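So the structure is just underneath, and the comments pick up after that.
Chain A is the first sequence line, chain B the second, and so forth, proteins listed ahead of strands; every chain is numbered from 1. Since the model is a prediction, treat every value here as computed from it, not as a measurement. Reckoned from all heavy atoms, side chains included, excluding hydrogens, waters and symmetry mates.
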There are 2 protein chains.
Amino acid sequence: MTVIDTGNQRSFMELALEEAEKSGARGEVPVGAVLVLGDRVLACNGNRTLELNDPTAHAEILVIRTACAELGSQRLPDCDLYVTLEPCQMCAGAISFARIRRLYYGAGDEKGGAVDHGTRFFSQPTCHHAPDVYSGIAETRAADILKDFFQSKR
Amino acid sequence: MTVIDTGNQRSFMELALEEAEKSGARGEVPVGAVLVLGDRVLACNGNRTLELNDPTAHAEILVIRTACAELGSQRLPDCDLYVTLEPCQMCAGAISFARIRRLYYGAGDEKGGAVDHGTRFFSQPTCHHAPDVYSGIAETRAADILKDFFQSKR
């Protein structure tokens with residue numbers, strides 16, 4: 001879909017990028033996410049799989065869990081998710097279960113994405129709720145954070 | 001794959017079925033899971049999405065998180081997962097990330113499964129680790145628990 005690039009959207013993605021950078025500084029794969037209800041940030045976090053010894057602790061899962069706890073609901077139908085990288089198989093499933101309204105993501109992920117690559121979950125018959133998807137916001141910076149991280153690891 | 005039906009496997013699935021029943025008694029969709037290392041049960045749990053206000057709190061995710069915390073690792077390469085229902089999109093992703101060795105599941109899930117239905121994640125190029133999959137163990141009982149639950153809800 002076409003990106004409606006408002007100032008708010010840029011600043012939410014900016015926050016997600018900061019979370020990605022903090023993630024990388026902790027030695028985690030640098031991905032960040034922000035969960036928003038209207039103009040209110042309900043949760044922001046980065047990937048913490050190593051720190052928490054939890055393979056499910058992707059940025060998206062962490063912000064969904066925090067926002068659901070905050071709202072006392074397992075569904076977030078009026079909420080929008082900003083994430084620096086295209087969500088994976090697991091996170092695409094969680095986004096659907098949480099009934100998230102809009103998904104804004106930065107860089108595409110050919111190897112592990114499940115929105116516009118891989119299983120393209122949101123267009124499958126076994127997907128029972130699909131968010132509106134807006135891709136490519138701050139794409140270059142989101143991709144550069146990941147590229148720099150993996151280059152520094154070599 | 002062919003099911004190698006040993007006594008242990010039956011008793012681990014039995015435990016998963018008990019978790020499914022307890023789940024249903026709590027008003028949750030009745031699915032249960034058990035995570036095993038050798039002959040040792042590391043975690044058993046049922047679906048708790050309503051109770052925890054957490055759309056990611058499927059039985060599989062809960063036992064993976066508990067077992068990872070127990071072992072202090074985000075990977076469970078020598079562990080086997082028993083679950084009463086074919087894992088969904090999200091859980092298939094988590095199973096792959098956790099590097100689980102073998103997946104034993106009960107009933108197939110045409111509407112929401114992602115192993116032998118739907119996105120069939122484990123045979124996709126974006127899946128970087130696939131467990132050995134054994135399906136149909138205690139299938140009828142697993143399916144009946146779900147059927148009874150949904151009939152009682154009508």
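Taken from OG1 in B:Thr56 to CD1 in A:Ile95, the straight-line distance is 12.0 Å, to the nearest 0.5 Å. Atom-to-atom distance recorded for B:Glu110:CD and A:Thr126:OG1 is 11.0 Å, nearest 0.5 angstrom.
Between B:Lys111 and A:His128, the shortest heavy-atom contact is O-NE2, 2.9 Å.
Residues B:Leu50 and B:Leu85 fall into different hydrophobic clusters, defined by Ile, Leu, Val, Met, Phe, Trp and Tyr side chains chained together at heavy-atom separations under 4.5 Å. B:Leu103 and B:Phe121 fall within the same hydrophobic cluster, defined by Ile, Leu, Val, Met, Phe, Trp and Tyr side-chain heavy atoms under 4.5 Å apart, directly or through other members. A single hydrophobic cluster is not seen to contain both A:Leu62 and A:Leu37; linkage of ILVMFWY side chains at heavy-atom distances under 4.5 Å, directly or through other members, places them apart. Under the 4.5 Å side-chain heavy-atom criterion for Ile, Leu, Val, Met, Phe, Trp and Tyr, B:Ile100 and B:Val31 are members of the same hydrophobic cluster. A:Met90 and A:Leu81 end up in different hydrophobic clusters when Ile, Leu, Val, Met, Phe, Trp and Tyr side chains are linked at under 4.5 Å.
Proximity to chain B is absent for every atom of A:Leu52, based on heavy atoms less than 4.5 angstrom apart. At a 4.5 Å heavy-atom cutoff, the contact between A:Ala94 and chain B is made by backbone and side-chain atoms alike. Of the atoms belonging to B:Thr49, heavy atoms from both backbone and side chain fall under 4.5 Å from chain A.
Per-residue counts of heavy-atom pairs under 4.5 Å with chain A were compared for B:Gly118, B:Gly112, B:Gly72; the largest is that of B:Gly72. In terms of heavy-atom pairs under 4.5 angstrom with chain B, the leader among A:His58, A:Gln124, A:Arg65, A:His117 is A:Arg65. For chain B, the option among A:Ala67, A:Ala98, A:Cys127 with the highest count of heavy-atom pairs below 4.5 Å is A:Ala98.
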